[in-house]
Amino acid sequence: MDKNFDPKATEDAIYRMWETGGFFAPNKSSQAKPFTIIMPPPNANDPLHIGHAMFITIEDILIRYHRMKGESTLWLPGTDHAGIETQFVFEKKLAKQDKSRFNFDRETLYKMIWDYVQENSGVAIDQMKKLGASADWSTFKFTLDPDIVARVLETFIKLHKDNLVYRGQKLINYCTKCGTGYSELEVEHVEETTKLYFIKYGPFVLATTRPETKFADTAVAVNPNDKRYKSYIGQEIEVMGLLGTFKLKVIADDYVDPEFGTGVVKITPYHDFNDFDVWQRHIDEIPAPKQVIDKQGKLTSIAGKYAGMKIKAAREMIEKDLGEKGLLAKPSEAYTHNVGVCYRCKTVLEPLPLTQFFIKTKPLVEGALRALDTGETKILGAGQDKILRHWLTNIRDWNISRQIVWGIRIPVWYNIKGHEQRAWLSFLDKEGKQQQGTLAQYLNEFGFDHIKKNLQQIDVGTWSEGNNPDWVVSVTEPSEDGLWIQETDTFDTWFSSGQWPVVTLQTNGAAVFEKFYPTSVMETGYDILPIWVMRMMLLGIYVTGKSPFTTVYLHGLVRDEKGQKMSKSKGNVINPLDMVDKYGADAIRIALVMSSTPGQDKAVGENTIRGMRNFSNKIWNAARFVYMEKQHAEATDAPGIEDNNFMKKLDETVHSITQLLNALRVGLAAETVHNEFWHWYCDVAIEQRKRKEISLQALETGLTTFLTLLHPFMPFVTEEIWGKFVNDGRSPLIISSWPENKNV
RNA sequence: GGACACGUAGCUCAGUGGUAGAGCGCUGCAUUCACAUUGCAGAUGUCGGGGGUUCGAACCCCUCCGUGUCCACCA
């Protein structure tokens, strides 16, 4: 027997033994009560990072503990198609081949991404196995599996029937680079220092950071109580601009802060959220809005000679021209404010008027709040309960339309007949070249079938009142006469993952759903509380009437040794698989959870992991000592004078670990078992044994008990020892019974 | 501007009403003893400051200071 434990030589074989033994499947006994965790599905296309290792570890600890307690334990794994991220990565790949999404029709592009993801999808799963994840792989689901898609569509149809879906034109945060709009939860806010311009505007001077949108101004607003401008309210003013003079109405709105800038604000409803709201409040006073920036981030034809220019270039040129025309009242000032950027590519988002599908969220909130009030669902994680309530009470309608192909296509069909002139679309012609325009332009030349088959995107826009296209919700093409085209937008990825606990169980069979829903613990990072956990509650309760989980355990972010955020640019990223390779899976597992606490970030460095590698070696050597003692033991094992104290202490340890795990205090449980094993069992008890103060039998009981207690945290080394010389040839540790404490 | 956290050993963090803890680091001693991926001994703490409740507070309450994160429409 080697002096050191060698994880590399043993871990894979142990995992295979567990897997082929079928030990990950739930206990079939009818008396066993269920314990369920649905795994947060990682991006199918990405290798695991340290944050994944964190959730794998915590969930596996809970799963192994409950399995050893004899419960019918299901850990259902899966992966997510991660719409925007994956399409973005794929497009970068295309760019390297001098291609873009515009070179392909929708269907072809989807298939290419599908194949690309298939190539990579095994990686994350293998990595989870390396970390020891005892998930039931037979229940595995991918968010684009046909059975999952069918369920997700069903939910949408139900929402529509219940009048909880609407199609509406709103201002949407749109990424001109990724080519899609978002919901407000996906917008990241970053501080930006920009110029605040002071522009002569008729009789006023106004302060703006965005002179390039002034071509779309439809009003000027002042504060109703601002004495300086009171006489102008309700009047029209004449403004000399870069493209000539025009007239605008002056309106009064409380939103204008008289203290800021000059107290005069231009109103550009289609390019600013506040202005949009002002327009809504003064809809009778302000004429129809104008759009000056398009989806490509370029200025539209209303910008005259600036049309076609990118925002940044246009702004610079406009600044110059304003200066030359003497329209700048004074030099610009540096101004720091927050702007929304794309969480994926960090491009500054443009507020643009888009027609999208929305889910009415307010009617769904009540059930979620009730679940929190009654304790049906408990949130673990410093203060996160209150944060969730805050989100729930301030929720907005959910924009679920995404202008990408990598996702579940929205099951909505438009009848374009009679609206051919207004249906904008892009498709590939017979030479594979992109054509863009209205259906009316191309219908005769290419025929409807060709256009449909080679379609990239359709935008049927918003018709004026009473002149809307028919749209019907249907999974298949409607049979009625007409020119039917399916919406090209896909669902927000979070719309499918928001149903994850429900649909993964349902698609594993009605009996599985019946038994394991609602699930026991949802374990994930606090950073996705609103974007994911909240939505799972909303949709889960909506579909099933029950909150999808009893407890939400929100782990913290993993940071580096100094508590710094890990990032590629800082070069402080720890790859969990490298650490497994170097120190063993057990070491990184316990390093991640020991002394961690829900909702609080966790600092982990290689030193920490090395220290825990030493701990797994310590376990190994303690076992080795017991084994050697047995070799030299005499036939009769005399009781030791410390036996009673030893057993009592052992029992207390079992008790406290059990209590801690029941209370989901995983970090403290790990710390306790580590300390008791090392500093009591090894440092005290084994030394007592050397002086013959405790019996070999007591020492052996101690070892087997500790192997059981340690197993959820460090499954490999404990299983290896168990199989090798504690329980040779008998059932493996993974399905051994959790010790009962008798005397405490 | 608001919300939520956090401030405990050199560093990173547990502990959350009853004599201050862990990991990593540091100092000294120990080497054929299960393990040097070790053991023993040790140093470093007014548990952010102040006030209150209590027989007793790192822990509960108030307040101040500092840090972080998220949210928010000041162009």
Side-chain angles (χ1 to χ4, degrees), chain A residues 1-6 184-185 187-189 194 196-199 206-211 213-214 220-221 223 253-268 271-278 335 337-338 351 381-391 394 526-527 529-530 556-557 559-565 583-584 587 590-591 593-597 599-629 665 667-672 674-675 678-679 682-683 686-687 689-690 699 703:
Chain A
M1 185 173 169
D2 290 340
K3 276 164 70 168
N4 291 332
F5 173 61
D6 183 1
E184 77 277 6
L185 297 188
V187 177
E188 208 175 287
H189 292 275
T194 176
L196 185 63
Y197 301 92
F198 295 90
I199 299 175
L206 59 76
T208 182
T209 53
R210 301 205 58 186
T213 63
K214 72 200 274 307
V220 179
N223 189 284
D253 197 287
D254 285 335
Y255 143 74
V256 181
D257 177 357
E259 305 291 314
F260 186 88
T262 57
V264 181
V265 184
K266 69 191 185 73
I267 300 300
T268 321
H271 300 286
D272 185 284
F273 290 98
N274 302 314
D275 294 4
F276 190 90
D277 291 344
V278 171
Y335 178 63
H337 65 152
N338 283 330
Q384 298 293 333
D385 177 15
K386 289 177 194 163
I387 293 174
L388 179 56
R389 282 171 191 277
H390 178 88
W391 279 108
N394 291 288
Y526 66 77
D527 52 329
L529 178 70
L557 271 41
R559 290 164 174 273
D560 80 357
E561 217 152 5
K562 296 186 199 113
Q564 303 285 306
K565 215 169 170 176
Y583 303 112
I590 195 151
V593 296
M594 203 163 106
S595 299
S596 74
T597 194
Q600 227 61 55
D601 293 352
K602 173 75 183 160
V604 173
E606 189 163 343
N607 284 334
T608 326
I609 298 165
R610 190 184 307 116
M612 291 304 120
R613 186 274 317 266
N614 295 355
F615 180 50
S616 55
N617 194 55
K618 190 73 180 174
I619 302 170
W620 178 258
N621 274 289
R624 204 165 141 241
F625 175 79
V626 176
Y627 175 75
M628 287 167 124
E629 282 288 286
R665 305 194 62 179
L668 192 53
E671 193 180 330
T672 307
H674 168 274
N675 291 349
W678 197 318
H679 299 305
C682 294
D683 292 352
I686 286 184
E687 294 308 312
R689 173 60 198 168
K690 288 178 188 168
L699 195 73
L703 180 67

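A, B, ... follow the sequence lines: proteins, then strands. Residue 1 opens every chain.
As judged by a 4.0 angstrom heavy-atom cut-off over every strand, A:Lys562 is placed among residues touching the sugar-phosphate backbone only. Nucleic acid contact for A:Ala382: sugar-phosphate only, since backbone atoms but no base atoms lie under 4.0 Å from a heavy atom of the residue. Residue contacts for A:Arg613: at a heavy-atom cut-off of 4.0 Å it reaches a base atom on one of the strands shown. As judged by a 4.0 angstrom heavy-atom cut-off over every strand, A:Gly611 is placed among residues touching the sugar-phosphate backbone only. Using a 4.0 Å heavy-atom cutoff across all strands shown, A:Arg665 reaches sugar-phosphate atoms only and no base atom.
Separation of the P atoms belonging to B:A43 and B:U69 is 38 Å when rounded to the nearest angstrom. Taking atom C1' on both B:G10 and B:U44, the two are 8 Å apart, rounded to the nearest angstrom. Look at the P atom in both B:G18 and B:C60: the space between them is 11 Å, to the nearest Å. As rounded to the nearest Å, B:A72 and B:A14 have P atoms that lie 28 Å from one another.
For A:His337, no side-chain nitrogen or oxygen approaches OP1 or OP2 of B:A72 to under 4.0 Å. For A:Trp678 and B:G39, the shortest distance from a side-chain N or O to OP1 or OP2 is below 4.0 Å. Between A:Lys565 and B:G68 there is no side-chain polar atom (N or O) within less than 4.0 angstrom of OP1 or OP2.
Rounded to an integer number of Å, the gap from A:Gln564 CD to B:U12 P is 9 Å. Rounded to a whole Å, the CD1 atom of A:Ile387 is 17 Å from the P atom of B:G68. One atom, CD of A:Glu629, and another, P of B:A34, lie 8 Å apart when rounded to the nearest Å. Computed from coordinates, the A:Asp601 CG to B:C4 P distance equals 18 Å when rounded to whole Å.
The cationic group of A:Lys618 does not satisfy the cation-pi geometry with A:Phe5, failing either the under 6.0 Å distance to the six-membered ring centre or the 45° limit from the ring axis.
Side-chain contact of A:Lys602 with A:Ser595: a donor-acceptor pair under 3.5 Å is absent, judged by distance alone.
Contact of the A:Leu703 side chain with the A:Phe625 side chain is not registered, since no non-hydrogen atoms from C-beta on lie closer than 4.5 Å.
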